[in-house]
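Scroll down for the structure; my scribbles are underneath it.
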Amino acid sequence: MQVSILCGGKSSRMQSEKGLVLYQNKPFIEHIIEAVLPISRNIQLITNTNDYDYLAYKKVKDIITDKGPLGGIYTALVHSETEMNLILSCDIPLISTEILLELIENHDTNFEVSVFKDNDRIHPLIGIYATTIIPVLKKSIDDNDLKMMRFISNVKHQLIPIPNAKRDQFKNINSVAELNELNTNLS
């Protein structure tokens, strides 16, 4: 299975490259890679910057820039070597191998997209995406219809419930305040 980590984004609320923000003295991206390695070594980073060049993984620049996560997913799938792809954002340092395996084990191949859901929130950037959705992605991008939830509703998708005990692993750290809260909860 190909794994693509979306390192894009303007990171305006974090005020620095999100994937390189330190948590427990290690960049977010390295926490995510550690969680992924037991599952697959076929990892590519979707990034438009050279900041990740220190990592020995394939780097791919967005095919179409400034199209948010949909643009990143489109790039990841176009450059994929496998039909099914694990797509992750770079701002989830608490993610574990266990939860990723749960996603893979619960994925039904009759669906083109499988993502987690808790209560009323869907987590589209911890998901499995099939390359068969490339034409739908391209149309959304061409139409500048970049809402993730609307896109997911337009493809054959599966929502996998998150057990309450594992909710913390899905926390996106998007701002300095959220990072400070994460570090405070750690101590």
Side-chain angles (χ1 to χ4, degrees), residues 1-11 18-19 28-29 32-33 35-37 39-49 52 57-92 95-97 99-162 166 169-170 172 174:
M1 178 175 286
Q2 174 93 46
V3 178
S4 296
I5 303 173
L6 307 183
C7 303
K10 302 218 183 323
S11 299
K18 268 196 290 195
F28 284 6
I29 190 80
I32 297 162
I33 289 169
V36 165
L37 282 174
I39 297 165
S40 176
R41 296 196 175 283
N42 187 0
I43 299 170
Q44 65 180 359
L45 307 179
I46 310 305
T47 179
N48 294 322
T49 173
Y52 297 91
Y57 298 100
K58 177 180 171 186
K59 280 68 153 202
V60 180
K61 290 190 184 304
D62 279 320
I63 295 169
I64 305 168
T65 57
D66 299 321
K67 296 299 177 182
L70 282 185
I73 294 169
Y74 175 73
T75 298
L77 295 181
V78 166
H79 287 276
S80 177
E81 301 165 4
T82 61
E83 182 185 341
M84 301 312 285
N85 298 270
L86 181 59
I87 306 278
L88 303 170
S89 63
C90 69
D91 58 1
I92 48 170
I95 200 72
S96 70
T97 304
I99 203 76
L100 296 176
L101 285 171
E102 204 168 305
L103 174 67
I104 293 164
E105 288 162 10
N106 286 296
H107 170 67
D108 178 338
T109 55
N110 292 315
F111 293 96
E112 297 171 303
V113 174
S114 289
V115 294
F116 283 108
K117 178 186 188 310
D118 68 6
N119 299 334
D120 57 350
R121 183 152 185 245
I122 294 173
H123 299 272
L125 297 181
I126 303 172
I128 294 177
Y129 289 77
T131 52
T132 55
I133 66 169
I134 290 173
V136 184
L137 268 171
K138 181 72 165 77
K139 181 169 181 0
S140 291
I141 290 167
D142 289 347
D143 293 347
N144 213 34
D145 185 3
L146 306 176
K147 298 277 187 217
M148 281 297 302
M149 296 305 115
R150 190 164 35 242
F151 171 76
I152 287 175
S153 70
N154 287 330
V155 295
K156 197 170 176 192
H157 66 280
Q158 172 187 23
L159 301 177
I160 300 169
I162 300 171
K166 296 181 181 170
Q169 293 183 38
F170 292 82
N172 296 78
N174 290 309

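Everything numeric in this text was worked out from a predicted model, so none of it was measured.
For the atom pair H79 NE2 and K59 NZ, the distance stands at 14.5 Å (nearest 0.5 Å). I160 contributes atom CD1, which lies 13.0 Å from atom CG of D118 (distance to the nearest 0.5 angstrom). One finds the SG atom of C90 at 8.5 Å from the CD1 atom of I5 (value rounded to the nearest 0.5 Å). The CG atom of L45 lies 11.0 Å from the CG atom of L88; values are rounded to the nearest 0.5 Å. The line from CD1 of I43 to NZ of K58 is 12.5 Å long, rounded to the nearest 0.5 Å. For the atom pair CZ of F116 and CG of L159, the computed distance is 11.0 Å after rounding to the nearest 0.5 Å.
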Run the side-chain contact (heavy atoms from CB on, under 4.5 Å) test on K117 and I122 for me, step by step, so that the C-alpha distance in whole Å, both residues' side-chain angles and the decisive distance to 0.1 Å come before the verdict. CA-CA 4 Å; K117 178 186 188 310; I122 294 173; 4.2 Å; yes
Given H123 and I162, is the side-chain contact (heavy atoms from CB on, under 4.5 Å) satisfied, shown in steps? CA-CA 10 Å; H123 299 272; I162 300 171; 3.5 Å; yes
Walk me through it: do F111 and I128 pass the test side-chain contact (heavy atoms from CB on, under 4.5 Å)? CA-CA 9 Å; F111 293 96; I128 294 177; over 6 Å; no
Might you work through the side-chain contact (heavy atoms from CB on, under 4.5 Å) test for Y129 and V155, ending with a clear yes or no? CA-CA 10 Å; Y129 289 77; V155 295; over 6 Å; no
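Nearest heavy-atom pair across I32 and D91 is CD1-N, 4.2 Å. Closest heavy-atom contact between I46 and A76: CD1-CA, 3.8 Å. The two residues Q2 and S80 make their nearest non-hydrogen contact at CB-OG, 3.7 Å. Scanning both residues, M84 and M1, for their nearest heavy atoms gives O-CG, 3.7 Å.
Remark: K138 engages D142 in a salt bridge (Lys or Arg N to Asp or Glu O under 4.0 Å) (not counting sequence neighbours). Residues forming a side-chain hydrogen bond (donor to acceptor under 3.5 Å, both in side chains) with D145 (at least two apart in sequence, or on another chain): R150. When the salt bridge (Lys or Arg N to Asp or Glu O under 4.0 Å) test is applied to D143, the partners found at least two apart in sequence or on another chain are K139. E83 meets the salt bridge (Lys or Arg N to Asp or Glu O under 4.0 Å) test with no other residue; sequence neighbours excluded. Judged as a side chain to side chain contact (heavy atoms under 4.5 Å, CB included), and not counting sequence neighbours, the contacts of T97 are A35, P38, I39, L101. When the side-chain hydrogen bond (donor to acceptor under 3.5 Å, both in side chains) test is applied to S140, no partner is found at least two apart in sequence or on another chain.
Panel note: side chain E112, backbone K156; a donor-acceptor pair is recorded below 3.5 Å. Put simply, the side chain of T47 never gets that close to the backbone of C7: no donor and acceptor are under 3.5 Å apart. Looking only at distances, a side-chain donor or acceptor of N48 sits under 3.5 Å from a matching main-chain atom of D62. In this structure, D108 contributes its side chain and N110 its backbone to a donor-acceptor pair below 3.5 Å.
Annotation: side chain of I92 is not in contact with side chain of L125 (no heavy-atom distance under 4.5 Å). In this structure, I29 and Y52 have side chains that are in contact, with non-hydrogen atoms separated by less than 4.5 Å. With contacts defined as side-chain heavy-atom distances shorter than 4.5 Å, the pair N106/S114 does not qualify. With a 4.5 Å cut-off on side-chain heavy atoms, I126 and I99 do not count as touching. Looking at heavy atoms from C-beta onward, L6 lies out of side-chain contact with T75 at the 4.5 angstrom threshold. By the 4.5 Å heavy-atom criterion applied to side chains, I73 and F151 are not counted as neighbours. Residues R41 and V3 form no side-chain contact, since every pair of their non-hydrogen atoms from C-beta on lies 4.5 Å or further apart.
For K147, the NZ atom is loosely surrounded, since the number of other residues' heavy atoms within 6.0 Å does not exceed 12.
Using modelled atom types and a 3.5 Å distance limit, the side chains of S40 and N42 yield no donor-acceptor pair.
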